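Let me begin by presenting the structure, written as structure tokens, before commenting on it.
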Amino acid sequence: MINIDNPFSVETPESMSAQEINDLFVPIQEYYDLNVSGHVFLHGHRGSGKSMMFRRLSPDCQSLFHNKKISELDFFGVYTSMKKTDLDLMDLSAIESPNTRAIISEHVLICFFLSKIFSEIRSHFNLSAEEEISELQCFFTNKLVPIFEDLGYSRNIDKSIYNDRKGMDLLNYIVDLFDNFYKSYVSYLKRAVTSFGQQVNYSGPLFSFYDLFLPIIEEIKTMSFMPTGPIFLLIDDVDNLNISQTKVINSWVSYRTTDILSFKLATQMNYKTLVTVSGRRIEYPHDFKEINYSSVYTGSKKDKYPEWVKAVTKKRLNFFYKKKYGLTDIDIDPETYFPFDIKQQKAVEEIGRKYKSGEILGRGYRTSDDAYRYARTDFIVSLGGNAKNSSTYKYAGFNQLVHLSSGIIRYFLDPASKMYSLQERHSKEEMFFEINPTYQNSVLRDEADNLLFSQIDNMIDECENEEIEQDSNIKLETIEKLRNLISTMGALFYSAMKSNKSERKFFSFAISDPEKMSQSLRRVLTLGVQEGYLYQSYVGTKEGMGRTKLYVLTRRLAPVFKLDPIGFSAYKFVTCKFLDESTLQPKSIINILKNKGLDGVKEKFEPKQGSLI
Amino acid sequence: MTVINQFKFLLERLLEIVGKNDEPEHFPTPESHYKKYCDITDQLRRQVYPKINTGLAALSKRSGLYTDHSGEHFDLVVQYAGLMLGLNPKVDLHALAEDVLKNKWVLTPYEIYILLLSIRFHDVGNYYGREDHEKMILRIINDFQISHLNNNQLEAKKISEIGGAHGGKTKSGSKDTIGNLAGSDTFDGHISDVQNKKIAAITRFADEVCENRQRAGNIIPSAIPSHNLVFHKYAESIIGNFIEGKRLCLKLQIKHSDLTKIYQVYEKNIKGEEVLVDAKLPDVTLERLKKTELERRYCNRYLPEIAQINEISVTIVILEDEKCSESFTFPELETYYFILKERDYPLAEDNILDNEIMTFLNYDRICALKNDIKEVS
């Protein structure tokens with residue numbers, strides 16, 4: 001059930017009803033790649049909408065959307081999230097060898113997923129019709145029991161249970177059966193942990209993919225109330241699986257079972273390995289498809305993002321005003337709901353007009369380009385001056401909000417939700433249809449500060465509490481270096497805005513000498529990408545031969561560095577030496593930028609030769 | 001449990017030395033792994049091995065008399081695995097055991113235990129019939145409540161996976177059953193960790209090369225179903241199969257009349273149906289030799305150098321059908337000797353056997369052989 005006190009509140013998709021999902025979900029092109037059989041990795045930062053996409057593939061949502069019975073659907077989606085506490089109760093590395101861990105991990109994952117699949121069936125069917133009852137009984141007696149018998153595990157299943165339990169009762173027994181295997185694994189782990197390195201005998205059954213998992217899935221699919229298409233196992237947050245579990249999942253992905261069982265795996269850009277249990281590597285596109293959800297909006301498809309956010313916002317606003325105020329015939333335009341600051345916009349437009357009329361001489365080929373690119377930038381810089389009042393620039397207006405969310409819907413919805421609450425506090429219980437630009441600006445500035453300071457402080461706190469001192473020290477150092485790097489790059493981009501260069505709007509940097517990247521710098525950049533401060537992409541090298549990595553700074557930080565989040569921005573080539581120095585000595589670089597501008601930095605790092613940054 | 005009291009093979013004697021002292025630093029649990037091995041083997045000898053041939057004949061999709069899978073077959077594989085690892089009567093087992101205990105040998109103490117068990121179990125699944133027998137090891141352990149393993153499913157699972165990789169296909173359809181095992185690259189020196197692929201490769205190749213006349217048994221030809229006869233004839237023809245250093249030596253003696261006879265075997269037609277088709281012993285021999293060479297190359301991929309077999313030397317003797325009245329032996333009609341090994345640039349599977357071998361075992365040539373000889377004489 002979604003919150004009807006705030007149109008932008010972010011609920012976990014699991015807690016939303018099928019109707020709510022269908023009312024609020026706006027599909028994007030990538031959704032349709034998930035919709036067909038095949039193993040897919042979906043990479044995206046936290047909050048980018050992956051879970052919502054998965055939830056939409058659940059049988060109840062599909063049934064409602066296509067107006068079909070579940071049995072008529074093309075597939076049966078089973079959503080499950082790998083929360084940290086679900087499967088990694090204890091550190092397996094302390095107790096057994098890698099091969100043993102692989103065997104145990106496969107067994108545990110199978111129990112976990114089978115329990116989820118049968119639970120999902122339980123939640124979508126009532127199994128009260130005579131035919132359904134008999135089919136389930138037939139499945140149990142003629143399929144499930146023989147599978148156990150073939151493995152020599154007949155004593156682990158109560159063959160005569162169907163005499164006492166029928167329909168839903170029998171299904172409950174099956175769910176409990178796999179849950180209990182899981183429990184016996186937990187109890188084994190506990191014994192093993194307290195055995196001080198001695199091997200503890202495990203006497204329960206051990207399942208594997210082809211012996212038990214796949215045959216059961218094949219049989220489930222044959223029941224008439226189930227769709228005949230594949231079962232989609234929609235696994236969210238697979239980064240949380242430990243290394244053995246990850247290898248097991250990779251082994252399963254390497255099997256060509258997509259017509260029966262397809263894995264859709266969502267990562268938060270931190271998937272541990274693509275190696276299988278047998279040491280092979282699964283490969284794109286041979287074994288799986290890959291959707292890079294975060295780069296969808298920073299790469300070539302970025303133009304679609306604003307339209308998508310607009311559609312999402314519109315659906316939410318209309319849904320909310322209908323539910324809360326009963327306004328059935330309403331059509332709210334998000335751009336009206338989040339207005340820009342009129343006075344500021346006029347000033348920006350005036351600068352644009354001057355570019356077009358030639359009163360300000362542009363440096364680009366076309367004056368209209370300069371007007372579009374630099375009017376707002378010039379305005380922000382003009383506010384800077386000596387009075388240091390650039391913070392009076394207002395980050396407001398739907399367009400700016402969209403750009404400041406940096407391609408992640410949650411970074412639009414969360415601030416929008418806070419803006420709504422702020423507006424509501426000042427509206428004295430009166431209905432309102434727009435949010436004051438001042439409130440928008442205030443929330444966005446707080447969010448940016450929070451991202452650069454509180455969030456990094458939190459990372460440091462978490463790190464300090466870690467048990468292994470050596471790992472903790474490396475992590476701490478990396479976090480500090482990341483903060484330094486971000487501060488330097490922010491200052492560099494602002495400095496570029498103030499310069500008189502022909503290209504002065506930047507939000508990203510490319511590495512001109514990637515071969516010189518130190519291990520420490522690599523760790524910093526990887527952490528930046530994982531934590532959502534940077535987005536990674538690729539561009540052609542400066543020399544025009546080959547490709548190199550491009551890192552885009554999240555636009556959420558624009559208010560901190562007084563940057564213009566809207567529209568096109570170029571990328572700067574930087575050397576690894578400069579980046580290394582930025583991670584270590586940010587203040588000295590920032591001081592140079594402040595006093596001597598970009599040229600000062602260029603002089604320091606590459607005194608005589610051509611390009612440095 | 002009774003400890004087996006019969007002839008011990010060298011590999012078993014090695015385990016006896018390294019595994020009798022409850023060495024906690026060499027085995028996952030402080031108990032005699034040699035005693036465990038004996039208990040398990042004893043139970044297999046009493047309860048499982050005697051019933052395998054019956055199971056094979058009665059429960060296989062295609063009924064018939066299969067090559068021997070009684071206890072002797074498992075003994076032979078243990079023996080050949082020892083030979084592959086360089087164990088022969090001249091080896092000082094106590095000195096070798098010292099090396100094993102210092103982890104200076106090809107197998108760790110625990111790996112010797114796992115290897116022996118993987119051999120002892122590799123074909124037990126035939127109890128339920130030939131089809132997918134390699135996938136039935138765990139079922140035997142559970143159905144027969146095999147001591148020590150029944151309550152240690154982790155070890156049972158490892159043994160079933162390693163032993164099960166001796167043949168068949170993975171369920172995803174690949175023949176690379178060893179490559180599909182959990183990788184040795186994850187080996188971290190943990191006491192209960194074993195290099196699955198290495199052990200599976202030893203088991204598989206030892207199983208491959210132990211086939212010989214002894215295994216074919218002294219069976220009255222009329223008792224063998226016609227569709228199995230040609231395979232029995234092949235096994236019967238192997239009079240020598242021994243490992244000498246890094247070389248596997250095979251000696252085949254085949255009577256001329258056996259080579260010229262037409263047999264029948266089941267084959268799948270284009271519709272996937274099994275139909276009886278004609279088969280000739282020379283063709284079967286070529287196929288089996290090619291398979292042995294392929295197995296050698298395949299298993300070498302997973303074996304450390306010390307256990308690798310570098311080549312197969314083959315001697316094929318074609319015999320007269322009638323015994324010589326003076327020597328009471330079958331006179332030799334023709335003999336051909338050749339070596340199977342990798343040469344030059346890697347060749348396609350079809351080129352493993354060169355033209356001369358193919359010509360020597362050409363059916364028409366063999367049929368004409370006696371006439372030619374008669375003409376010459």
Side-chain angles (χ1 to χ4, degrees), chain A residues 93-107 147-156 181 184-185 188 192 195 197-215 243-244 247-248 251-257 273 275-281 287, chain B residues 24-25 27-31 110 114 125 128 132 135-146 148-158 160-162 164-165 169-174 176-197 199 302:
Chain A
S93 66
I95 52 167
E96 265 291 357
S97 67
N99 290 344
T100 315
R101 284 204 295 271
I103 293 172
I104 292 182
S105 297
E106 180 161 40
H107 167 72
I147 289 171
F148 273 70
E149 281 173 344
D150 278 353
L151 293 168
Y153 293 140
S154 50
R155 65 182 183 278
N156 297 99
F181 290 136
S184 59
Y185 147 77
Y188 161 74
S195 72
Q198 287 294 318
Q199 183 178 287
V200 174
N201 285 354
Y202 181 80
S203 55
L206 287 168
F207 303 139
S208 49
F209 185 82
Y210 275 112
D211 291 343
L212 182 123
F213 194 30
L214 197 64
I243 194 89
S244 313
K247 286 182 178 179
V248 169
S251 298
W252 295 354
V253 167
S254 76
Y255 305 147
R256 310 284 161 77
T257 60
T273 179
V275 171
T276 64
V277 169
S278 64
R280 292 179 186 140
R281 179 174 284 272
D287 298 305
Chain B
E25 68 268 38
F27 293 94
T29 46
E31 57 193 320
Y110 187 54
I114 295 287
Y128 303 105
D132 284 343
K135 299 179 181 96
M136 296 293 183
I137 296 174
L138 202 58
R139 187 173 173 187
I140 287 281
I141 292 171
N142 291 322
D143 281 356
F144 283 86
Q145 309 240 332
I146 299 291
H148 303 293
L149 294 177
N150 187 42
N151 65 348
N152 187 353
Q153 287 288 320
L154 282 166
E155 200 164 86
K157 183 97 176 166
K158 279 182 205 169
S160 74
E161 286 181 353
I162 295 171
K169 287 183 179 175
T170 65
K171 288 193 178 164
S172 57
S174 164
D176 183 14
T177 50
I178 299 178
N180 207 42
L181 291 172
S184 56
D185 53 336
T186 56
F187 184 71
D188 67 349
H190 192 286
I191 195 66
S192 64
D193 207 3
V194 292
Q195 295 195 42
N196 295 343
K197 293 180 186 179
I199 301 172
Y302 301 104

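As the structure is a prediction and not an experimental result, all values here were calculated from the model. Lettering follows sequence order; numbering is per chain, from 1.
- A donor-acceptor pair under 3.5 Å links the side-chain atoms of B/Asn142 to the main chain of A/Leu151, judged by distance alone.
- Residue contact with chain B, scored on non-hydrogen atoms closer than 4.5 Å, involves the backbone and the side chain of A/Ser208 alike.
- Interatomic distance, OG of A/Ser154 versus CZ of B/Arg139, reported as 8.0 Å (0.5 Å rounding).
- Taking all atoms of both residues into account, the shortest heavy-atom contact from B/Asn150 to A/Arg155 is OD1-NH2, 3.1 Å.
- At least one side-chain heavy atom of B/Gln153 sits less than 4.5 Å from a side-chain heavy atom of A/Tyr153.
- Distance check: A/Leu206 CG to B/Ser160 OG gives 9.0 Å after rounding to the nearest 0.5 Å.
- Between atom CG of residue A/Asp150 and atom CG of residue B/Asp132 there is a gap of 10.0 Å, rounded to the nearest 0.5 Å.
- A/Asp211 CG to B/Lys135 NZ: the interatomic distance, rounded to the nearest 0.5 Å, is 9.0 Å.
- Salt-bridge check for A/Arg280 with B/Asp176: passed, with a basic side-chain N closer than 4.0 Å to an acidic carboxylate O.
- Pairing each heavy atom of B/Asp143 with each of A/Gly152, the nearest pair is OD1-CA, 3.5 Å.
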Between B/Lys158 and A/Thr100, does the side-chain hydrogen bond (donor to acceptor under 3.5 Å, both in side chains) criterion hold? Intermediate values first, please. CA-CA 8 Å; B/Lys158 279 182 205 169; A/Thr100 315; 2.9 Å; yes

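- Rounding to the nearest 0.5 Å places CG of B/Leu149 at 13.0 Å from OG of A/Ser203.
- In this structure, a donor-acceptor pair under 3.5 Å is absent between the side chains of B/Lys197 and A/Ser278.
- With a 4.5 angstrom heavy-atom cutoff, A/Phe207 touches chain B only via backbone atoms.
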